[in-house]
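A short worksheet on the structure shown next.
Since the model is a prediction, treat every value here as computed from it, not as a measurement.
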Amino acid sequence: MTTDTEALQEAPPEARPIEIPRVLSVKELGDLMSVSPVEVIKELMKNGVMASINQVIDFDTAAIVAHDMGFEPLEQQLAETAEVSVDRETGKPQIEEDPTKLVSRPPVVTIMGHVDHGKTSLLDAIREAKVAAGESGGITQHIGAYQVDYNGQLITFLDTPGHEAFTQMRARGAQVTDVAVVVVAANDGVMPQTKEAIDHAKAAGVPIVIALNKIDLDDANIDKIKSELSENGVVVEDYGGETPCVPVSARTKVGLDDLLANILVVSEVLDLKANPDRPAIAIVVEAELSKTKGPLATLLVKTGTLRAGDYIVVGETSGRVKAMHDEAGKKLKQAGPSEPAEILGLASVPKAGETAVVVADDKIAKQTVIDRIRQREAADLNAQPHVTLDTLFGEISAGKLKELNIILKTDVQGSIEPIRQSLEKLTNEQVKVKIIHTGSGSVTESDVMLAIASKGIIIAFNTGTEGGAERIGQQEQVDIRRYSVIYNIIEDVDKALKGMLEPTFKEVVTAHAEVRQVFRVARKNSIAGAFVRDGTITRTDSARILRNGAVIADGKIGTLKRFQEDVRDVATNFECGIQIDGFDSFEENDVIEFFRIERDT
């Protein structure tokens with residue numbers, strides 16, 4: 001028989017509530033529970049987490065430890081924060097608005113297209129003809145954005161031409177652009193960068209307006225361009241599609257009014273609205289460190305009104321808006337939705353694409369920066385790797401993935417369509433296989449940025465990867481798959497969708513070298529005098545030779561020399577002599593890509 005005293009002794013103690021911040025250090029968690037940090041580290045180890053005393057952990061991890069140590073964990077609610085919730089799938093800031101206070105805002109437009117087709121000339125022509133305030137004296141500074149006035153309606157142009165800037169901002173979760181104007185030269189046609197611009201805009205879900213530039217030239221062929229656009233998935237209104245196509249000339253300023261009118265028509269359909277009567281939320285368009293003024297940032301207001309004197313948090317920096325200027329250098333007292341302003345007063349230079357949030361005072365601003373740094377550190381510990389073919393089935397099974405976005409690069413144009421058709425046939429009920437961009441030639445930095453922004457993978461068929469693209473891809477853990485047989489591509493993607501793909505080995509690109517001279521040493525043998533552009537060549541590496549972006553041969557390194565002496569490795573910016581087993585047809589300007597095969601962990 002159990003006595004009341006014994007029953008009391010056997011009853012588990014009631015869990016004591018404890019408020020835990022979203023992120024904190026191991027030591028701080030120990031202090032909250034009045035236990036030694038060593039005890040916390042032991043509990044973390046039991047749960048498979050190796051941590052030091054100063055390591056930052058997130059609330060979920062801390063809550064498990066606190067629960068196991070007899071506490072009832074509660075997430076600490078901050079009375080005032082500068083946080084903006086972010087959509088997990090798109091990375092876009094989710095802004096809660098009062099529907100009764102929403103008013104129309106100007107559209108934000110990015111101009112994209114092929115080099116030499118007139119992107120910058122068109123921006124300049126629009127600026128000269130239509131600058132909103134009509135200031136005398138012209139433009140005095142470049143701030144990355146400006147507004148024009150068309151029949152009393154404002155349009156904001158981002159003066160950062162090109163899909164590279166557009167996609168880099170998307171990769172950071174900033175969806176700034178409402179409408180993309182793709183410039184195509186009427187005397188040239190749809191070029192590789194035109195196609196890239198179209199695919200980047202489509203991947204972002206941004207409506208397109210085609211600006212058919214250079215119509216004043218004698219060799220302009222408008223019908224040819226419209227036909228080429230249709231072949232690339234952009235059906236213009238004249239051909240029964242929904243994409244406006246406006247003939248313009250940046251040189252003679254013909255058609256500018258029609259272009260602006262079409263931008264406004266497209267934006268009317270989007271029904272763009274914001275609430276000017278709230279603390280501002282903005283996106284960084286450009287930022288730099290001025291020698292005389294310190295950190296400068298051009299902000300584009302998404303919602304609310306930004307005022308001189310406001311305290312703001314931008315990414316992992318903060319400050320007070322000491323001064324605001326427009327593109328003409330004119331001082332601004334405030335900036336409303338879709339309005340750009342260059343601000344002075346941040347503690348350090350933020351990154352383009354980061355979100356700026358107005359807060360009540362300096363104390364909240366500084367505390368928010370500390371919280372954000374800690375959150376990032378905690379997130380880095382539990383970071384989810386970029387989607388790869390190896391992790392694809394798990395993502396699908398967990399319901400996290402509905403589309404597999406693929407960037408396809410091949411050696412020649414003719415290989416694209418059969419691979420595209422075969423891959424798209426693999427679509428099933430759970431996930432859609434979507435080819436969001438194709439092209440011939442090496443994998444570029446732009447391709448990798450698109451993969452980051454769209455959470456996609458890159459498939460390279462018989463082609464190499466540029467050094468910068470390889471570096472960014474490794475940093476961001478983008479899956480770049482290289483193939484020389486079409487069947488293997490289809491088989492691997494199919495197995496990944498079914499969860500049967502076994503991670504085995506991966507290829508790691510170690511260096512790129514450019515052939516500067518060719519030396520004949522025997523009738524059937526040649527040595528390339530090469531310059532190492534990036535990475536380090538190691539004697540045991542394998543190599544592939546690329547000519548005009550296409551792989552023409554591969555093999556093992558037969559000889560690696562520096563000044564007639566055999567060496568084990570050659571670093572960046574050094575010259576060397578290279579002989580590849582079984583290959584004797586080097587030409588000047590060939591690129592040699594070196595790689596090794598590693599077990600994929």
Side-chain angles (χ1 to χ4, degrees), residues 6-89 91 93-94 173 313 315-318 354-355 357 359 363-388 390-391 393-401 455 475-477 503 601:
E6 288 171 331
L8 278 171
Q9 288 173 343
E10 290 171 6
E14 189 175 338
R16 181 160 65 87
I18 181 174
E19 281 199 351
I20 300 174
R22 277 177 292 181
V23 287
L24 75 171
S25 69
V26 169
K27 181 181 184 303
E28 287 168 336
L29 179 59
D31 292 344
L32 279 175
M33 298 188 295
S34 300
V35 301
S36 164
V38 176
E39 295 303 314
V40 177
I41 291 170
K42 287 179 181 176
E43 286 297 328
L44 285 167
M45 289 173 68
K46 287 179 187 176
N47 288 281
V49 178
M50 304 301 290
S52 64
I53 190 169
N54 293 316
Q55 192 158 318
V56 174
I57 56 176
D58 59 15
F59 170 78
D60 292 338
T61 306
I64 293 169
V65 173
H67 180 271
D68 290 349
M69 298 185 77
F71 292 87
E72 181 189 345
L74 303 170
E75 186 167 358
Q76 189 179 79
Q77 299 300 311
L78 300 177
E80 292 183 278
T81 75
E83 297 308 318
V84 179
S85 60
V86 174
D87 185 286
R88 288 186 179 183
E89 288 189 9
Q94 299 298 292
V313 177
E316 293 182 4
T317 188
S318 65
E354 288 187 323
T355 302
V357 187
V359 295
K363 184 180 177 183
I364 292 173
K366 287 178 177 174
Q367 185 56 50
T368 304
V369 170
I370 292 169
D371 289 347
R372 285 187 177 183
I373 293 170
R374 287 184 157 193
Q375 275 186 280
R376 174 180 52 77
E377 289 172 349
D380 288 346
L381 288 175
N382 305 306
Q384 292 295 314
H386 198 87
V387 64
T388 68
D390 297 329
T391 62
F393 185 70
E395 298 271 321
I396 297 168
S397 300
K400 295 179 183 176
L401 199 66
K455 297 181 173 62
Q475 287 171 356
E476 300 293 334
Q477 296 182 302
T601 55

Distance in Å, Lys42 NZ paired with Asp68 CG, rounded so as to fall on 0.5 Å steps: 15.0 Å

Heavy atoms of Ile53 and Ile41 approach each other most closely as N-CD1, 4.1 Å

With sequence neighbours left out, what residues match Lys46 under side chain to side chain contact (heavy atoms under 4.5 Å, CB included)? Glu43

Contact check, side chains of Thr317 and Glu354, non-hydrogen atoms, under 4.5 Å: no

Looking at residues at least two apart in the chain, or sitting in another chain, which of them share a salt bridge (Lys or Arg N to Asp or Glu O under 4.0 Å) with Lys363? none

Nearest heavy-atom pair of Ser318 and Val369: which atoms, and what distance? CB-CG2, 3.7 Å

dist Phe71:CZ -> Glu19:CD (nearest 0.5 Å) comes out at 14.0 Å

Quick one: closest heavy-atom pair of Glu316 and Arg372, and the distance? OE2-O, 4.2 Å

Closest heavy-atom contact between Pro17 and Leu74? CB-CD1, 4.0 Å

Going from NZ on Lys27 to OG on Ser52, what distance comes out if it is rounded to the nearest 0.5 angstrom? 13.0 Å

Quickly, which of Leu32, Asp31, Thr61 forms a side-chain contact (heavy atoms from CB on, under 4.5 Å) with Leu24? Name it, please. Leu32

For Ile20 versus Pro73, what's the shortest heavy-atom pair and its separation? CD1-CB, 3.9 Å

Report yes if the side chains of Ile18 and Glu72 come closer than 4.5 Å at any heavy-atom pair, otherwise no. no

N/O donor-acceptor pair under 3.5 Å between Glu28 side chain and Ser25 backbone: yes

Could you check Val313 against Lys366 for side-chain contact (heavy atoms from CB on, under 4.5 Å), going step by step and ending with a plain yes or no? CA-CA 8 Å; Val313 177; Lys366 287 178 177 174; over 6 Å; no

